[in-house]
Chemist: 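If you scroll down you'll find the structure; I have some questions about it.
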Amino acid sequence: MTRRRRTYVVATATAAIVIAANASQGAYFSQSWGWVALAFLIPTTVLLILERVATPGVLRIAFAVFFGAFAIWIALSSFWSISAAGSLRELERMLVYVAVALAIAFVLRRGDLSGVLAGVGLGATTICAYALATRALPDRLETPADSFAAYRLAEPIGYWNALGLLATLGTVVALGFVAHARHLRVSIAAAAALPVLACTLYLTFSRGAWAALVIGLVATVVLDPRRLRFIWTGLVVAIPSAACVAYASRQEALTTIGSTAGAATREGHRLGAVVLIAVALSCAAAWVATLVARRLVVSRRAARVVDVALASLALACVVVGLVAVGGPAAGLSTVKERFSAAPVTTADLNSRLFSVSGNGRSEQLRVAWEAAKPHLVLGNGAGTYEYIWYEQRPDQLVVRDAHSLYMETLAELGVVGLGVLVAALLVLLLGGARARRTRFAASGTAALLAWAAASAFDWNWEVVGVTLTALLAGSAALVASERRAPRPLGSGSRGALVGVTVIVSLAAVWSLVGNQALFAAREALDRKDWVAARDDGRRAQALLPWSFEPALVLGDAAAGLGDRAGALHDYRKAVAKDPQNWVAWLRVAQVARGSERREAYARVRELNPREEGLPGE
């Protein structure tokens with residue numbers, strides 16, 4: 001296969017998985033994990049069997065080993081976890097990331113950098129184009145309603161911050177292609193994506209995604225040795241996108257909670273036309289910027305002068321900022337105070353973009369830290385933050401995951417788990433630093449850095465589609481950092497790896513079939529088809545013996561069929577599988593009688609003191 005054909009294949013495959021995973025609600029729910037993992041495992045296994053895999057470099061091996069070690073630590077945590085069922089559920093999700101790491105280590109080759117990043121950019125742009133179309137054409141893609149709920153763009157992922165972060169990743173990668181593509185048509189195509197990505201990012205009203213974009217752009221400038229060209233082309237092609245965002249910000253029905261569907265539809269149509277005009281102008285801007293950049297030759301001395309000027313400007317901005325806030329201590333205190341302040345509740349969504357309120361994140365971080373301190377080395381067990389939150393939450397806010405990958409990992413997996421995860425991410429960043437002189441490497445590494453920064457204050461790890469997109473972007477530079485000629489993989493190593501991929505694939509299939517049965521049972525419950533719910537629940541229980549969820553479904557189905565004794569039996573099984581789960585105890589309390597009922601309600605109050613509407617309140 002020629003280099004160009006392989007690039008097309010890699011780009012197409014990458015784009016397909018990015019689109020499919022993010023279109024499936026960001027692969028957040030467990031019924032998606034199995035097939036996403038198999039999308040990476042199957043080609044890895046086939047290529048290993050066909051002896052089409054070379055020995056990866058040290059950094060790729062280290063990355064795969066660290067992710068494998070992280071999965072093993074998650075599995076081990078089930079032995080001391082406050083909820084073994086919750087820990088094993090996290091292991092199911094981790095199968096996806098192990099599959100991604102194996103594919104990065106053994107499928108990608110040194111020349112695949114442009115193909116991977118092109119696929120990331122195309123996939124992110126496709127998802128954002130659909131999301132933007134739901135706002136520009138709500139009468140075609142969604143059923144109009146009197147009010148747009150919360151009115152922050154979120155589909156098809158379902159979470160506005162995650163969609164905004166995906167748009168950020170696509171923007172950073174696309175700017176890299178605009179600046180450094182060898183062919184003018186590639187630069188123009190990348191520029192065409194920018195207004196779509198920028199407008200989608202804006203309509204999510206995600207402050208974290210905007211901050212991540214700034215971090216990604218700054219990181220690109222720092223890493224890219226051809227930074228002057230990147231800055232020039234970026235500034236020129238940013239003009240149409242900025243104008244598009246400015247226009248969208250002035251559309252009252254699109255930026256105000258409670259706007260009528262009719263007004264939002266009219267403004268959406270106009271915005272769609274403006275975006276198309278901005279796309280055309282962005283292509284023209286890329287053509288002009290690229291032609292100028294190719295004709296101007298900057299000497300090394302001039303480049304060094306520019307570097308010094310940029311560093312001086314950055315330092316001056318920091319100094320002025322510190323002086324304006326009264327010094328580092330006062331500035332930190334002010335930020336902390338504003339971060340802990342009550343969330344913005346005005347109808348005008350534009351106003352929230354200029355607030356630094358954490359929307360309750362300070363309390364979530366505090367709970368994570370308090371939970372981590374007594375179990376600093378081992379943690380409380382993977383997937384247990386939700387249980388801890390219900391016991392310690394200060395208000396009625398429902399939270400499943402801490403809004404911080406690193407604090408949640410510390411609380412659940414201790415210093416050991418956090419260290420392994422950070423080491424894996426640092427390997428990617430090290431690869432990016434080593435490959436920074438390679439075309440597009442800086443933008444891929446910067447996209448990963450943007451995700452890593454945003455994950456400090458959000459639960460992006462659980463949105464599998466966005467996280468695997470960031471890992472693929474970062475991995476491109478990791479592969480490009482390898483310098484030695486590829487060597488064939490030994491037969492012994494190849495056989496062992498085939499065994500590993502087959503085992504992980506079987507686990508992924510098992511998880512896929514079991515979770516599909518579980519979700520089929522839940523859908524049957526929603527339509528009150530109690531018999532179908534019971535049958536699917538039994539299949540799920542057989543395939544997911546560690547999970548309490550099938551027992552809850554079976555109990556609900558039995559209750560729907562009028563079988564009180566059967567419902568109580570199944571709810572008791574759910575409690576036995578996960579004694580820390582307050583929902584399971586609540587189900588027992590709702591159907592039990594006498595002392596068992598009183599004891600079950602007492603247990604609910606212990607596990608979730610803030611729950612309202614319990615007997616005796």
Chemist: Out of curiosity, Ser241 OG to Leu194 CG, how far, rounded to the nearest 0.5 Å?
Modeler: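 If I round to the nearest 0.5 Å, the distance is 5.0 Å.
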Chemist: Tell me yes or no: between the side chains of Asn515 and Ser511, is some donor less than 3.5 Å from an acceptor?
Modeler: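 On atom types as modelled, these side chains qualify, holding a pair under 3.5 Å.
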Chemist: Counting only N and O atoms by type, is there a donor-acceptor contact under 3.5 Å from the side chain of Thr14 to the main-chain atoms of Ala11?
Modeler: no
Chemist: Between Leu489 and Leu48, is the side chain to side chain contact (heavy atoms under 4.5 Å, CB included) condition met? List the steps.
Modeler: CA-CA 9 Å; Leu489 196 64; Leu48 283 167; 3.9 Å; yes
Chemist: Check whether any side-chain heavy atom of Tyr159 lies under 4.5 Å from a side-chain heavy atom of Tyr28, and answer yes or no.
Modeler: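 The answer is no; the side chains never approach within 4.5 Å.
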Chemist: Closest heavy-atom contact between Val173 and Ala447?
Modeler: CG2-CB, 4.2 Å
Chemist: Do the side chains of Leu217 and Phe230 get nearer than 4.5 Å, heavy atoms only?
Modeler: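 Yes. Closest side-chain heavy atoms under 4.5 Å.
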Chemist: Among side-chain atoms of Asn460 and Thr467, is any donor-acceptor pair under 3.5 angstrom?
Modeler: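 There is no such pair (donor and acceptor under 3.5 Å, judged by atom type) between the side chains of Asn460 and Thr467.
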Chemist: So, does Trp33 use its side chain to make a donor-acceptor pair with the main chain of Ala27 at under 3.5 Å?
Modeler: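 Yes.
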Chemist: Between Thr134 and Glu155, does any side-chain donor sit less than 3.5 Å from a side-chain acceptor?
Modeler: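 Side chains of Thr134 and Glu155: no pair found under 3.5 Å.
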Chemist: Would you say the side-chain atoms of Asn22 pair up with the backbone N or O of Val466, donor to acceptor, closer than 3.5 Å?
Modeler: yes
Chemist: Check the pair Val504 / Leu95 against side chain to side chain contact (heavy atoms under 4.5 Å, CB included), numbers first and verdict last.
Modeler: CA-CA 7 Å; Val504 178; Leu95 291 176; 4.1 Å; yes
Chemist: Looking only at the aromatic ring of each residue, does the gap between the centers of Phe67 and Phe63 stay below 6.0 angstrom?
Modeler: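 Between Phe67 and Phe63, which both carry aromatic rings, the centre distance is below 6.0 Å.
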Chemist: Could you tell me if the side chain of Arg182 sits less than 4.5 Å from the side chain of Arg439, heavy atoms only?
Modeler: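 With C-beta onward as the side chain, the pair touches.
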Chemist: On the 0 to 90° scale, with breaks at 30° and 60°, tag the Phe70-Trp461 ring pair as parallel, tilted or perpendicular.
Modeler: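 Phe70 vs Trp461 ring planes: perpendicular.
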Chemist: Return the CG to OG1 distance between Leu38 and Thr45, rounded to the nearest 0.5 Å.
Modeler: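 Going from CG on Leu38 over to OG1 on Thr45, the span is 9.0 Å.
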Chemist: When you check the gap from the basic side-chain N to the acidic O, do Glu92 and Arg89 get nearer than 4.0 Å?
Modeler: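 No salt bridge links Glu92 with Arg89.
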Chemist: Could you measure the distance from the CZ atom of Arg93 to the CG atom of Leu88? Nearest 0.5 Å is fine.
Modeler: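 Nearest 0.5 Å value for the CZ-CG distance: 13.0 Å.
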Chemist: Just by distance, do the side chain of Ser282 and the backbone of Ala278 share a donor-acceptor pair under 3.5 Å?
Modeler: no
Chemist: Can you find a heavy atom in the side chain of Arg494 that is under 4.5 Å from one in the side chain of Thr55?
Modeler: no
Chemist: Other residues, nucleotides and ligands only: do more than 12 of their heavy atoms fall within 6.0 Å of CH2 on Trp287?
Modeler: no
Chemist: Quick check for you: to the nearest 0.5 Å, what is the distance between Trp451 atom CH2 and Leu165 atom CG?
Modeler: 9.0 Å
Chemist: Between Thr168 and Ala209, what is the shortest heavy-atom contact and its length?
Modeler: OG1-O, 2.9 Å
Chemist: Do you know which two heavy atoms are closest between Ser443 and Thr220, and how far apart they sit?
Modeler: CA-OG1, 4.1 Å
Chemist: For the side chain to side chain contact (heavy atoms under 4.5 Å, CB included) test, which of Val427, Leu430, Leu471 pairs with Leu478?
Modeler: Val427
Chemist: Quick check on side-chain hydrogen bond (donor to acceptor under 3.5 Å, both in side chains): which of Arg110, Arg109, Arg60 does Glu482 satisfy it with?
Modeler: Arg60
Chemist: Atom CG of Asp112 and atom CG of Leu472: how far apart are they, to the nearest 0.5 Å?
Modeler: 11.5 Å
Chemist: Under 30°, 30 to 60°, or over 60°: which ring-plane class applies to Phe29 and Phe519, parallel, tilted or perpendicular?
Modeler: perpendicular
Chemist: Between Ser24 and Ser32, does any side-chain donor sit less than 3.5 Å from a side-chain acceptor?
Modeler: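 Short answer, yes.
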Chemist: Please check if the side chain of Ser77 supplies one atom and the backbone of Ala382 the other of a donor-acceptor pair under 3.5 Å.
Modeler: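 Flag set: sc Ser77 to bb Ala382 pair under 3.5 Å.
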Chemist: Do the side chain of Gln25 and the main chain of Gly158 share a donor and acceptor less than 3.5 angstrom apart?
Modeler: no
Chemist: With side chains defined as the heavy atoms from C-beta onward, is the minimum distance between Val172 and Leu213 less than 4.5 Å?
Modeler: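 Result yes, sub-4.5 Å side-chain heavy-atom pair found.
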Chemist: Kindly give the heavy-atom pair with the smallest separation between Ala181 and Arg294, and that separation in Å.
Modeler: O-NH2, 3.5 Å
Chemist: Assess whether side chain to side chain contact (heavy atoms under 4.5 Å, CB included) is satisfied between Ser249 and Tyr202, documenting all intermediate values.
Modeler: CA-CA 8 Å; Ser249 69; Tyr202 167 72; 3.2 Å; yes
Chemist: Return yes if some donor-acceptor pair links the side-chain N/O of Thr125 with the main-chain N/O of Leu122 below 3.5 Å, else return no.
Modeler: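 Side chain of Thr125 to backbone of Leu122, a donor-acceptor pair under 3.5 Å: no, none is there.
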Chemist: Flag yes if more than 12 heavy atoms outside Phe457 fall under 6.0 Å of its CZ atom; otherwise flag no.
Modeler: no
Chemist: For a side chain to side chain contact (heavy atoms under 4.5 Å, CB included) check, start with the C-alpha distance between Trp160 and Leu153, then their side-chain angles and the critical distance, and finish with the verdict.
Modeler: CA-CA 6 Å; Trp160 43 82; Leu153 203 58; over 6 Å; no
Chemist: Between CZ of Phe66 and CG of Leu425, what distance do you get to the nearest 0.5 Å?
Modeler: 10.5 Å
Chemist: So do Val479 and Leu113 actually touch side chain to side chain, heavy atoms under 4.5 Å?
Modeler: no
Chemist: Is the number of heavy atoms from other residues, nucleotides or ligands under 6.0 Å of Trp510 CH2 greater than 12?
Modeler: no
Chemist: Got a donor-acceptor contact below 3.5 angstrom from the Arg6 side chain to the Arg3 backbone?
Modeler: no
Chemist: Is there side-chain contact between Trp232 and Val292, with heavy atoms separated by less than 4.5 Å?
Modeler: yes
Chemist: Please answer whether the main-chain N or O of Leu418 pairs with a side-chain N or O of Thr409 as donor and acceptor at a distance below 3.5 Å.
Modeler: no
Chemist: Work out which heavy atom in Ala198 is nearest to a heavy atom in Val245; give both atom names and the distance.
Modeler: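 Looking at all heavy atoms of both residues, the shortest contact is O-CG2, 3.8 Å.
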Chemist: What are the two closest heavy atoms between Leu449 and Ala219, and how far apart are they?
Modeler: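 In terms of heavy atoms, the two residues are closest at CD1-CB, 3.7 Å.
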Chemist: Using atom types as modelled and distance alone, determine if a side-chain donor or acceptor of Arg229 lies under 3.5 Å from a backbone N or O of Ala179.
Modeler: yes
Chemist: Can you tell if the side chain of Ile74 reaches within under 4.5 Å of the side chain of Glu412, non-hydrogen atoms only?
Modeler: no
